[in-house]
Amino acid sequence: MADNQNTEVADPQAIVVGVDGSNASRNALRFAIGEAKSLGRSIRIVGAYTVPSVAAATIDVSYVPIDDSAVRASVTTILKEAAAEVKAADVPVEAIIEIGDAAGVLVEESKQASLTVVGSRGKGGFAGRLLGTVSSALPAHSACPTIVVPVGWTPESDREARPSSSRPVHSSVGGAIERTEETDTVPGIDYSGQVVVGVDALGKESPALWEGAHIAVRRNSPLHIQAVITTTVIGPEWIPSQGDLDRLIQEGTDKLEAARLALKEKHPDLDVRWTLFDGQPAEVLVRASDTCDILVIGSRGRGGFAGLLLGSTSQSVLPYSAAPTMVVRVKR
C-alpha cells in the first residue's frame with residue numbers, strides 16, 4: 001500500500017475514489033466499481049488523514065507531534081476492506097494513504113486520474129468535507145471530472161418527479177409550451193433512464209455537454225439538455241415586454257438546438273432532447289436529479305442566454321442532488 005511520498009501511480013487514467021469508512025464513501029465506491037467496469041478502468045482508492053499537533057505547555061513556538069500510528073492503522077484497515085470489495089468485482093485496484101487535507105489531496109490525485117468519485121456525506125476525510133472545502137476546491141481545480149454520489153442513492157431507489165416553481169417554456173419534442181394556469185408550481189418531469197446535462201452560454205462548446213454525451217452513448221441512454229432563462233421582475237430597472245421575453249426564449253432555443261445538432265453530427269444514433277425553462281437554474285437541475293440516472297453540470301459558467309451561472313449553481317445543486325452528479329471543470 002503506497003503512501004503520499006510515492007508520486008508514481010500504477011494507472012494514471014484510473015478512477016480515484018476517496019474513502020473514509022462512512023456509508024457515503026462505500027456507496028461512492030460501489031458506483032465507481034460500476035463505472036470502472038463500463039470504462040475498462042482500474043480504481044485507485046485514497047484515504048486521507050491529518051496529523052494534529054499540541055502546543056508544548058512551556059514553549060510557545062514549539063509543537064509536540066502526536067503519534068499518528070493509530071490513525072494510520074485505522075485508515076489502512078478501511079482501505080484494505082475497500083480494496084477487497086473492488087477485487088471481488090474483478091476490477092484492478094491500487095490503494096494509497098495520503099497525509100493532508102482532504103480537498104488538497106483529492107485535487108492532487110485528480111492530476112493522475114480520468115475521473116474522481118466521492119460521497120456527499122461522511123465522517124471527515126473526503127466525504128465529510130465535500131460540501132465544504134472540497135465542493136469549492138474540486139470543481140474549480142480538479143484536473144478531471146468528478147462525480148458526487150448522494151449517500152442514499154442506489155440504482156434501485158424508488159424515485160418520483162417532484163413539483164417545481166420553474167416552468168418549461170419550450171422543448172425539442174413538443175415545441176412551445178403554453179402557460180395554461182397561474183399556479184405556484186408545476187408537475188415535475190420524469191427523466192428516468194436519461195442523462196441530464198445543464199448548459200449555459202457556452203452552448204455546444206460546453207465541456208459538460210460533451211461529457212454528458214459520452215456517458216449517454218456508453219449507457220445507451222437518451223441525453224436531455226437543460227437551460228434556463230429568468231424572466232422574474234426583481235425591480236423597476238428592467239420590466240420585460242412580451243418582445244423581450246420572446247427574444248430571450250428564441251435565443252435559448254437557438255442555442256439548445258445548435259447543441260443538439262452538434263451532438264447528432266458526432267453521435268448520429270444518440271437520442272438527444274432539450275428543454276428550456278423559465279426559473280432558477282439550481283432548482284431546475286435539482287428537480288431533474290429527482291429521477292434522472294446521472295446529472296452533469298459545469299463548475300463555472302458565463303451567464304448569457306440562459307443565465308446559468310454554474311459557478312454558484314454547482315454549489316447550490318450538490319447538497320440537494322438526488323442523483324450521481326458529475327461536475328466538469330469549465331476553463332476560462
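Keep in mind that this is a model prediction, so the values were computed, not measured.
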Might you point out which heavy atoms bring A259 and G203 nearest each other, and give the distance in Å?
CB-C, 4.4 Å
Within the distance-only criterion (no hydrogens, no angle test), does the side chain of T146 pair as donor or acceptor with the backbone N or O of V327 below 3.5 angstrom?
no
In the structure I gave you, are the side-chain heavy atoms of V17 and V86 within less than 4.5 Å of one another anywhere?
no
Is there a path of hydrophobic side-chain contacts, each under 4.5 Å between heavy atoms of I, L, V, M, F, W or Y residues, that connects V186 with I189?
no
In short, S321 meets P150 closest at the heavy-atom pair O-CG, 3.3 Å
Does any non-hydrogen side-chain atom of V19 lie less than 4.5 Å from one of L79?
yes
Take V169 and L245 through the test side chain to side chain contact (heavy atoms under 4.5 Å, CB included) and record every step on the way to the result.
CA-CA 11 Å; V169 294; L245 298 179; over 6 Å; no
With rounding to the nearest 0.5 angstrom, report the CG to OG distance, L276 to S171.
10.0 Å
At their closest point, which heavy atom of Q194 faces which heavy atom of C292, and how far apart are they?
O-CB, 3.6 Å
Those residues that, when tested against K111, pass salt bridge (Lys or Arg N to Asp or Glu O under 4.0 Å) (two or more places apart)
E108
Assigning hydrophobic clusters by single linkage (Ile, Leu, Val, Met, Phe, Trp, Tyr; side-chain heavy-atom cutoff under 4.5 Å), is L261 placed with L270?
no
Applying side chain to side chain contact (heavy atoms under 4.5 Å, CB included) to V272 and I225, what does each step give before you reach the verdict?
CA-CA 8 Å; V272 185; I225 313 169; 3.7 Å; yes
Gap between atom CG of L29 and atom CD1 of I15 - 0.5 Å precision
10.5 Å
Tightest non-hydrogen contact, residues V91 and A36, listed as CG1-CB, 3.8 Å
Closer than 3.5 angstrom, by distance alone: can the side chain of N27 be matched with the main-chain N or O of W153 as a donor-acceptor pair?
yes
Heavy-atom pair of closest approach, residues A161 and T291:
N-CG2, 3.4 Å
Yes or no on side chain to side chain contact (heavy atoms under 4.5 Å, CB included) for V195 and V197, after CA distance, side-chain angles and deciding distance?
CA-CA 7 Å; V195 176; V197 57; 5.6 Å; no
Is it the case that the side chain of S142 and the backbone of P145 share a donor-acceptor pair, with hydrogens and angles ignored and the cut-off at 3.5 Å?
no
What distance do L115 atom CG and E211 atom CD have between them, rounded to the nearest 0.5 Å?
8.5 Å
Under 3.5 Å, side chain of R159 to main-chain N/O of S289, donor-acceptor pair present?
yes
Side-chain (R44) to main-chain (D11) donor-acceptor, under 3.5 angstrom
yes
Evaluate the criterion side chain to side chain contact (heavy atoms under 4.5 Å, CB included) for residue pair E160 and D290; output intermediate values, then yes/no.
CA-CA 6 Å; E160 297 181 355; D290 289 336; over 6 Å; no
How long is the straight-line distance from CG of L285 back to CD of Q226, given to the nearest 0.5 Å?
6.0 Å
Please check this pair: side chain of S38 against backbone of E35, looking for a donor-acceptor N/O pair closer than 3.5 Å.
no
Take a 6.0 Å sphere around CZ of R218 and say whether it holds more than 12 heavy atoms from other residues, nucleotides or ligands.
yes
Cut-off 3.5 Å, side chains only: do S42 and E94 have a donor facing an acceptor?
no
Any salt bridge between K264 and E257, counting N to O under 4.0 Å?
no
NZ/NE/NH1/NH2 to OD/OE distance under 4.0 Å, E251 and K255:
no
Assigning hydrophobic clusters by single linkage (Ile, Leu, Val, Met, Phe, Trp, Tyr; side-chain heavy-atom cutoff under 4.5 Å), is V328 placed with V217?
yes
Separation between CD1 of I97 and CD1 of I45, rounded to the nearest 0.5 Å
11.5 Å
d(S221 OG, I294 CD1) to nearest 0.5 Å is 8.0 Å
Side chain to side chain donor-acceptor pair (under 3.5 Å), that's the test. Do S74 and T77 meet it? Break it down for me.
CA-CA 5 Å; S74 176; T77 298; over 6 Å; no
Nearest heavy-atom approach of L209 to L223 is O-CD2, 4.3 Å
Is T325 reaching over with its side chain to a backbone N or O of V148, donor-acceptor style, under 3.5 angstrom?
no
Do W210 and L263 have side chains that approach each other closer than 4.5 Å (heavy atoms only, starting at C-beta)?
yes
Could you tell me whether K266 atom NZ has more than 12 heavy atoms of other residues or ligands within 6.0 Å of it?
no
Is the side chain of R26 donor-acceptor paired with the backbone N or O of G21 at a distance under 3.5 Å, no angle test?
yes
Assign the ring pair H170 / W274 to parallel, tilted or perpendicular, where the plane angle (0 to 90°) is split at 30° and 60°.
parallel
Would T116 and E109 count as a side chain to side chain donor-acceptor pair (under 3.5 Å) here? Give the steps.
CA-CA 9 Å; T116 57; E109 285 296 326; over 6 Å; no
Between S114 (side chain only) and Q13 (backbone N and O only), is there a donor and an acceptor less than 3.5 Å apart?
yes
